[in-house]
Each structure stands twice: as structure tokens, then as C-alpha cells.
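I have placed the structure first, in the form of C-alpha cells, so that the comments after it can refer back to it.
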Amino acid sequence: MRHFTSVYDLPNLPEAIKSALELKSNPYGFQHLGKNKTMVLIFFNSSLRTRLSTQKAAMNLGMNTMVLNVNQDGWRMESELGVVMDGDKPEHLREAIPVIGRYCDIIGVRAFANLEDKQDDYTEKILNQFIDFAGVPVVSMEAATRHPLQSFADLITIEEHKTKPSPKVVLTWAPHPKALPQAVPNSFVEWMRQTNYELVVTHPKGYELDPQFMGDVNVEYDQDKAFEGADFIYAKNWSSYTDYGEILSKDRAWTVTPQKMAVTNNAKFMHCLPVRRNMIVSDEVLDSSASIVVDEAENRVYSAQTILKMILEG
Ligand code: CP
């Protein structure tokens, strides 16, 4: 594997899940792979889990890591090609990316959707410049349209907790005060579609995801109906794809509560974190034994470690 930006970069998903679970039981067994190798992690946006879990994954494999918070520690970066750089951005990605590539063996990059220009976001303008100009493998640590390390960790977590071969997994929209990208739900759907799980997506009208991610996945606009018999509830907010980046609803009737969970099959509750308590999910659900959000976050180490191991093995 040269770069990792989506599930389609994995040669074999069941093998990748197996590898992740093996790494979880023996995290330091491949330290020789990363000896004298360096990973640079570039953040255009904030992070807790991705930063720490990916660094931990690299260190577990014996790698050195360096972190750059663009816009805070580094020069502000221009990403448009062909512009006159007379504004407040003194450095262009066109030079910065190959320079970073000369300092390391793998680059991890986080560059969210700006939610202003659908075309810019959905063509992955920043991630693709890294792939084009880095000269070393690039790992997406959440791009404009996908969050593959998160989705891989989600899948590992479901595999660990499922009690039947084909669990019912429900992705539910939930309210949030700010406009958020569609990367996590897009990616979650994309990865779940590679399994034999029963996947249902529920959201208010107007929050339909990009058809390229949804394919023929079942959408149920009635959240209560969608939750019936579910084994896993995965909650997430996202802004509208069709009215691009807009907040169409903050309806708290969509918050995941014990009453909503009552019609499930004792479902486990999942969220990628950070989560807004009593907006996305009530305290009662998040603090209950049904919540596996911390297990999910722990598995971010092993999703990242599996990917880095595959890249190091060449
Ligand atoms: N889930 C996730 O990516 O968390 P961070 O934004 O804290 O990295």
C-alpha cells in the first residue's frame, strides 16, 4: 500500500481486521519495522484522538514522530495554484509538502472540509496535493470527505462487540450547534458497506449524504423505527450535503436518549468523539454500560498501527 485515504486502499479488509486485533494483543512485536524511520503528522485542524493514537501507533512500531500544527506553529499556507501571494499566507503547499517529504518516511495529514466550496472539498484539494507532491506515502488523518482511520477503528470495535454474524448497525444524525463536515458519516457508510452487516441510516429530510457514499443503503427518516432491533447505534452530526454546509435542523428530538435506546436489541452506543453531551446523546446513555465510545477511541491506535505497518512492509 502506497497511500491510505479510504477503505479501497486496503488489499483485503478481513485480513486488515485480523492484523489489527493481532497488533492489539502484541503491540510491540514489529518495532524493527520503524527503526530509523520518521512519521510527520500535519494538522490543519484540531485533534485529540487522532494526534495521540497515530503517534502511539507509530511509536509502537519503533518510529520517530514529529507534529506540525499548521496555522499555529508553522507559516500560514496557501493552497490555491496560480495565485499572486500578496495576502497573509507566506508559504505555498507546493513547496511545503515536498520539503516535509524530505524530512520523513510517512506523512499523516488532517485537512477538514471548509464547507464553503463543495467542489474544493469533494475533490480533496489539500489531501491530493500531499499525494501529488510529498514523494513519500501519505495517510489521511481525516480529509474533507472521509475519516478512514476512524471508520477502521469503528469496524474493529463492532467486530469485538458483535454477538451475531450480521448485526444491525444504525447510523443516526443527531443535533449539534455548529456546522460539521460529512467526512465521518461518509466514511462510516463506505466501510460498513464492505461488510455483511445490516446498515440503516436515519436523519431528517435534507441531510441526505452524497450518493457516491450511500449507494443503495437503506434510509429511514423515522429515527424510532430505524432504532428497532438495532445492535449498534452510531450517532453523528453532519451538515447538509445538498444545501452544502448548512444547518437545517437543531431538533433535540433526535438526541439519543434511554427512551430511544429502549427499542433496540440492547444496542451498544458509538460515537467518534468529541461528543456534545445532551445534544448528540444524553448523559444517561453515554455513561451507561451500553456506551463503547472509549473502546472505539482505543482502537484508533490499532487501526493506525495496522496501516503504518502495511506501509512500512512496503
Ligand atoms: N475522532 C477523532 O478524530 O478525534 P479527534 O478529532 O480528537 O482527533
Side-chain angles (χ1 to χ4, degrees), residues 4-7 20 24 39-60 65-73 106-115 121 124 126-127 130 138-158 160-161 169 171-174 176-192 213 232-239 256 268-277 279-281 285-286 291-308:
F4 177 71
T5 64
S6 83
V7 68
K24 191 168 181 176
M39 179 170 189
V40 170
L41 296 90
I42 311 281
F43 288 91
F44 288 84
N45 313 95
S46 304
S47 170
L48 185 155
R49 280 142 293 272
T50 303
R51 174 189 307 256
L52 298 179
S53 64
T54 311
Q55 275 192 279
K56 174 73 174 143
M59 292 188 296
N60 284 356
T65 62
M66 299 191 289
V67 178
L68 179 66
N69 300 304
V70 178
N71 303 330
Q72 292 168 34
D73 306 339
I106 301 176
I107 296 177
V109 60
R110 164 166 280 200
F112 288 175
N114 63 23
L115 297 180
D121 289 344
E124 292 289 4
I126 293 183
L127 179 67
F130 273 85
V138 173
V139 173
S140 168
M141 300 193 301
E142 186 170 347
T145 62
R146 291 179 172 94
H147 193 356
L149 290 175
Q150 179 65 52
S151 307
F152 187 14
D154 298 335
L155 179 52
I156 295 164
T157 311
I158 293 173
E160 287 179 318
H161 285 272
V169 177
L171 169 65
T172 181
W173 180 93
H176 194 282
K178 292 178 66 181
L180 298 186
Q182 297 104 31
V184 169
N186 284 345
S187 209
F188 185 75
V189 168
E190 193 168 60
W191 284 68
M192 292 301 118
F213 292 99
F232 294 89
I233 299 296
Y234 193 102
K236 185 72 183 84
N237 174 268
W238 62 90
S239 59
V256 179
K268 298 295 184 191
F269 176 82
M270 301 179 72
H271 189 280
C272 61
L273 304 182
V275 67
R276 299 261 183 166
R277 280 175 175 259
M279 284 292 295
I280 298 279
V281 56
V285 173
L286 198 54
S291 175
I292 54 172
V293 296
V294 176
D295 294 345
E296 256 180 287
E298 179 188 359
N299 282 333
R300 291 293 307 273
V301 174
Y302 305 106
S303 65
Q305 196 170 336
T306 305
I307 299 307
L308 297 180

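Just so you know, residue 1 is the first one in the sequence shown, and it goes up from there. First listed ligand is number 1; within each ligand, the first listed atom is number 1.
- Classified by interplanar angle (parallel below 30°, tilted 30° to 60°, perpendicular above 60°), the ring pair Phe130/Phe44 is perpendicular.
- Look at Glu124 and Arg146 and you find no salt bridge, because none of the NZ, NE, NH1 or NH2 atoms lies under 4.0 Å from a carboxylate O.
- The side-chain heavy atoms of Thr306 and Phe152, taken from C-beta on, include a pair separated by under 4.5 Å.
- Within 4.0 Å of ligand 1, heavy atoms belong to protein residues Ser47, Leu48, Arg49, Thr50, Arg110, His147, Gln150, Cys272, Leu273, Arg300.
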Practice prompt. Determine, step by step, whether Thr145 and Asn186 satisfy the side-chain hydrogen bond (donor to acceptor under 3.5 Å, both in side chains) criterion, reporting the C-alpha distance in whole Å, the side-chain angles of both residues, the deciding distance to 0.1 Å, and the verdict.
Written response: CA-CA 7 Å; Thr145 62; Asn186 284 345; 5.3 Å; no
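- Side chain of Trp191 to backbone of Leu155: no donor-acceptor contact under 3.5 angstrom is found.
- At a cut-off of 3.5 Å, with distance as the only test, a side-chain donor of Gln150 or Asp154 sits close to an acceptor on the other residue.
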